[in-house]
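When a ligand or atom number is given, it counts from 1 through the structure's own listing order.
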Amino acid sequence: MKSIGISGTPGTGKSSTAKILSQYLGIPVIDLSKYVIENNLILFYDSERQTNVIDEDRVRHELLKLYNSNGAMIIDSHYAEITPKEILEVVFVIRRDPEELMNILLKRGWSLNKVIENVEAELLSICTLNAIDELGEDLVIEINATSRNSEEIALEIIEILFGEKSAYYGHTIDWLSILPQEKLLKIIELLKR
Ligand SMILES: Nc1ncnc2c1ncn2[C@@H]1O[C@H](COP(=O)(O)OP(=O)(O)O)[C@@H](O)[C@H]1O
Ligand SMILES: [Mg+2]
């Protein structure tokens, strides 16, 4: 098996799921954001967006090197799609109902700006669209994590990986068309505040 990407908006449950997957599959997790900082693969800090701008070419190069020396990894990152295609089995994008996500991020004590930015990103499926943009539909599977625990999510991923459960590839979870209008309006109201 090649490496497995776990993407998704911050707070959707990537790291919790990746940890359980790692135990089941016996392959290590790499927390890409942490790895990028520890290995100085950052170009600069964008203070307006409160985020690091990474040196993608060098990150790709490092991931390739790691794969060639250590084998498959679980790549935990909201930009897992920057992993070189040739060492990637599939990227799972963890999706979570934006209202549930908002509560998780508020509980984490994040600034309101950060919460809003990420809830908007989830609402608009940004991680999925970025992954498809980079890798094509054939390497991207969305997983709906809403109201489910990490164990259930990890098990679903394993079933898909071992062909015990079929999955739809590409963009299948669009909150804007799934959620009832009154719920969408409520979320938009919250975002405006
Ligand atoms: N399945 C889940 N349901 C509810 N809360 C969760 C779930 N998985 C993780 N959490 C909580 O949500 C927060 C973010 O989880 P984490 O795994 O760190 O997400 P990410 O790595 O995507 O940012 C943590 O506080 C965690 O305890
Ligand atoms: Mg995480």
Provide, to 0.1 Å, the distance between [atom] and the closest protein heavy atom, together with that atom's residue and name.
atom	value
atom 10 (N) of ligand 1	Ser16 OG, 4.4 Å
atom 1 (N) of ligand 1	Arg148 O, 2.6 Å
atom 18 (O) of ligand 1	Arg108 NH2, 2.8 Å
atom 12 (O) of ligand 1	Ile104 CG2, 3.3 Å

With heavy atoms of [X] as the reference, note each atom of ligand 1 found under 4.0 Å away.
X	answer
Asn149	1 (N)
Ser150	1 (N), 8 (N)
Thr12	22 (O)
Lys14	17 (O), 19 (O), 20 (P), 21 (O), 22 (O), 23 (O)

Within the structure, is a non-hydrogen atom of [X] found at a distance of less than 4.0 Å from ligand 1?
X	result
Gly11	yes
Pro10	yes
Arg96	yes

Could you tell me whether atom 22 (O) of ligand 1 has at least one protein heavy atom nearer than 4.0 Å? yes
Does this structure show an ion pair linking [X] with [Y], if we count only N-O contacts that are shorter than 4.0 Å?
X	Y	value
Lys2	Glu86	no
Lys186	Glu99	yes
Glu62	Lys65	yes
Glu134	Arg60	yes

Donor-acceptor contact below 3.5 Å, side chain Ser77 vs main chain Ser33: no
Keeping Lys14 on the side-chain end and Ile94 on the backbone end, is there a donor-acceptor pair under 3.5 Å? no
N or O pair under 3.5 Å between Asp76 and ligand 1: no
Please test Asp97 against Lys183 for salt bridge (charged side-chain N to carboxylate O under 4.0 Å, His left out), starting from the C-alpha separation and ending with a verdict. CA-CA 10 Å; Asp97 178 296; Lys183 183 161 170 150; 2.9 Å; yes
If you measure from CG on Leu43 to CD on Glu56, what distance do you get to the nearest 0.5 Å? 9.0 Å
Check the pair Ile160, Val90 against side chain to side chain contact (heavy atoms under 4.5 Å, CB included), reporting the backbone distance first and the verdict last. CA-CA 11 Å; Ile160 293 170; Val90 59; over 6 Å; no
Residue list, side-chain hydrogen bond (donor to acceptor under 3.5 Å, both in side chains) with Ser69, at least two apart or on another chain: none
Residue list, side-chain hydrogen bond (donor to acceptor under 3.5 Å, both in side chains) with Glu142, at least two apart or on another chain: Arg95, Thr128, Thr172
State the count of protein N/O/S atoms located less than 2.8 Å away from the Mg ion (ligand 2). 1
Which ILVMFWY residues are connected to Tyr168, directly or by a chain of links, through side-chain heavy atoms under 4.5 Å apart? none
